[in-house]
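Counting convention: from 1, in listed order, for ligands and their atoms alike. We use all heavy atoms of the structure for the numbers below, so side chains are in, but hydrogens, waters and symmetry mates are not.
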Amino acid sequence: MSQSYFGGRANRGPKKSNSNNNRFGGRGRSSQPRQKGARKQFIHPSKFINRTAVDQTPEVYEPTHLFTDFALDPTLQKNLAALKFTAPSAIQDQAIPLVLDGKDVIGLANTGTGKTAAFLLPILTKLARKPERSSVLIMAPTRELAQQIEAEAKRFSRDMRIFSTVLVGGTNIDRQMRDLKRGPHIIIGTPGRLNDLLQRGALRLDGVQYFVLDEADRMLDMGFINDIKKVARLLPSHRQTLCFSATITPAIQTLIQEFTHSPETVSVRTGETSDHVLQDIIEATDKQHKHDLLHDLLSKEEFDKVLVFGETKYGVQRLADSLTNQGIPSAAIHGNKSQSQRQRALRSFKENAVKVLVATDVAARGLDIPNVSHVINFDQPATYDDYIHRIGRTGRGGKHGKALTFVDKR
Ligand code: ADP
Ligand code: MG
């Protein structure tokens with residue numbers, strides 16, 4: 001894992017204070033959620049260029065705890081050791097004690113810094129003490145994220161006899177209803193499917209003691225606000241609420257106020273991801289020219305794990321097909337694919353069976369894909385915010401990444 005986030009020595013002394021930590025909002029830009037179908041923003045090409053800032057040394061966080069210092073369940077501790085989780089990341093270091101303490105927590109940290117474990121580890125510890133059915137509800141914006149959360153939960157909870165189920169769209173709902181009848185402890189779902197199951201009377205939320213909103217910013221971006229509210233209204237008011245996000249916007253603050261009770265905020269956001277990413281533009285005359293340029297780039301050896309962003313589902317699929325036909329094995333991920341097709345595409349990219357993954361913004365949200373060497377914006381993002389999210393897929397964990405954006409030749 002990365003040096004900067006997880007590799008730090010535990011510092012038993014007083015915590016080093018960083019003026020940007022623990023302050024609500026940090027120095028992030030605030031951004032407005034984009035409505036579906038909104039017009040494309042004009043973004044000046046100069047905003048896609050950053051040829052100098054790559055050499056900055058990543059900040060090293062010195063945690064004040066080791067995982068063994070936390071009052072986590074003993075089996076969980078054993079599993080963490082086996083997974084080589086020794087030093088907590090900043091968000092884990094600061095949020096885990098608060099969650100164990102029963103506080104409502106708002107956790108703000110950059111993508112890829114271990115937010116999942118920050119809420120799963122204390123929750124699994126509480127579940128081990130009191131393994132009640134349907135007592136944990138975790139909401140995530142996409143199917144892939146929900147599945148990633150479950151995969152992490154499974155790794156952490158080996159031999160703990162804690163069971164979970166994933167409730168997401170694009171998969172058989174009858175099977176999910178059967179899974180629910182078996183009484184899992186942890187329910188992980190996307191807002192749409194959760195509501196669907198609630199309406200069918202297949203899901204009950206009156207036993208929920210822990211409610212997690214993961215990637216809250218992405219959920220709002222994707223227009224899930226009403227679905228989230230509908231679900232939250234059915235939750236018992238005596239519960240612990242945890243909300244994790246990479247950015248904090250006024251809309252998220254409102255949401256937080258509505259759902260939490262005197263929350264503690266842990267903000268360990270550092271500068272925009274773009275600081276660590278070498279960015280440049282490539283001028284192209286038309287679509288065919290973009291195809292040719294892309295093909296040339298992808299033929300170079302240093303482009304060994306490339307995420308290409310396109311605007312539409314069809315465009316993304318066509319691009320992946322045509323690259324594959326030209327001898328560059330590529331997979332596509334977008335909303336027109338079935339759940340299993342999306343998973344297969346993601347896996348083949350993660351496992352290096354293909355070196356190119358072509359994606360739409362929505363399909364790529366929040367996915368944890370390590371070691372992406374390049375992000376290429378084949379189509380320009382609709383907003384600068386989307387741009388930052390796209391290029392945040394590379395240069396993770398303090399590593400340098402590269403991002404290239406095609407712009408119209410003037
Ligand atoms: P985020 O939700 O903040 O984007 P994730 O929870 O997806 O980040 O974590 C990113 C990756 O880092 C995952 O593969 C996870 O297993 C790994 N990871 C998280 N915490 C640690 C840690 N303390 N030590 C080692 N690896 C970690
Ligand atoms: Mg996450």
Side-chain angles (χ1 to χ4, degrees), residues 1-10 28 58 60-70 72 76-77 79-97 99 105-124 138-158 188 190 212-222 242-248 252 266-270 273 346-347 349-351 364-372 388-399:
M1 250 314 125
S2 91
Q3 286 275 306
S4 56
Y5 296 141
F6 312 122
R9 248 175 323 111
V60 174
Y61 177 79
E62 304 229 336
T64 56
H65 308 91
L66 293 173
F67 279 113
T68 46
D69 296 332
F70 295 130
L72 297 173
L76 181 56
Q77 290 282 16
N79 294 339
L80 285 175
L83 292 167
K84 306 260 181 319
F85 274 51
T86 45
S89 66
I91 187 75
Q92 293 163 358
D93 192 39
Q94 297 180 38
I96 288 173
V99 181
V105 173
I106 318 301
L108 306 173
N110 299 45
T111 304
T113 58
K115 292 189 284 297
T116 319
F119 62 81
L120 279 181
L121 300 179
I123 284 179
L124 288 170
I138 302 172
M139 271 209 247
T142 63
R143 309 155 184 193
E144 282 80 11
L145 272 167
Q147 273 151 350
Q148 275 178 23
I149 295 169
E150 184 182 50
E152 283 279 84
K154 286 209 160 108
R155 290 192 322 146
F156 295 146
S157 65
R158 241 191 106 165
I188 307 166
T190 47
V212 181
L213 282 165
D214 194 23
E215 314 266 353
D217 48 353
R218 303 286 94 207
M219 285 202 279
L220 294 193
D221 273 0
M222 291 171 69
L242 312 172
C243 178
F244 286 83
S245 183
T247 54
I248 181 88
I252 293 174
V266 176
S267 175
V268 294
R269 282 158 40 78
T270 54
T273 335
L346 187 62
R347 201 173 329 116
F349 186 59
K350 277 191 171 180
E351 293 170 356
R365 287 235 151 113
L367 293 182
D368 174 37
I369 306 167
N371 305 320
V372 171
I388 294 295
H389 281 291
R390 285 181 177 188
I391 70 170
R393 316 281 93 211
T394 182
R396 298 182 80 167
K399 290 191 195 111

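- For E215, the N, O or S atom with the smallest separation from the Mg ion (ligand 2) is OE2.
- No N or O atom of F67 sits closer than 3.5 Å to an N or O atom of ligand 1.
- Applying the side-chain hydrogen bond (donor to acceptor under 3.5 Å, both in side chains) criterion to Q77, with sequence neighbours excluded, gives no partner residue.
- Panel note: side chain D93, backbone T64; a donor-acceptor pair is recorded below 3.5 Å.
- Ligand-side atoms of ligand 1 in range of T113: 1 (P), 3 (O), 8 (O), range being under 4.0 angstrom from any heavy atom.
- Counting only distance, with no hydrogens or angles, the side chain of K115 and the backbone of N110 share a donor-acceptor pair below 3.5 Å.
- For the pairing with E144, the side chain to side chain contact (heavy atoms under 4.5 Å, CB included) check across I149, T190, L346 returns one residue only, L346.
- Considering backbone and side-chain N/O atoms, A117 never comes within less than 3.5 Å of an N/O atom of ligand 1.
- For ligand 1 and N110, the ligand atoms under 4.0 Å from any heavy atom of the residue are 3 (O).
- The ligand atoms of ligand 1 that sit less than 4.0 angstrom from a heavy atom of E152 are 15 (C), 16 (O).
- One option in R155, K84, Q92 has a heavy atom closer to atom 20 (N) of ligand 1 than any other, and that option is Q92.
- Using modelled atom types, one side-chain atom of N79 and one backbone atom of R158 make a donor-acceptor pair closer than 3.5 Å.
- In this structure F349 satisfies the ring pair (Phe, Tyr, Trp, His ring centres under 6.0 Å) test with no other residue, sequence neighbours excluded.
- Under 4.0 Å from ligand 1, the heavy atoms of A87 that appear belong solely to its backbone.
- In this structure, Q92 contributes its side chain and G114 its backbone to a donor-acceptor pair below 3.5 Å.
- For ligand 1 and T116, the ligand atoms under 4.0 Å from any heavy atom of the residue are 2 (O), 5 (P), 6 (O), 7 (O).
- Between the side chain of T394 and the backbone N or O of I391, no donor-acceptor pair lies under 3.5 Å.
- Atom 8 (O) of ligand 1 has its nearest heavy-atom neighbour, among P63, S89, G114, in G114.
- Residue-to-ligand polar distances place G112 within reach of ligand 1: an N/O pair is separated by less than 3.5 Å.
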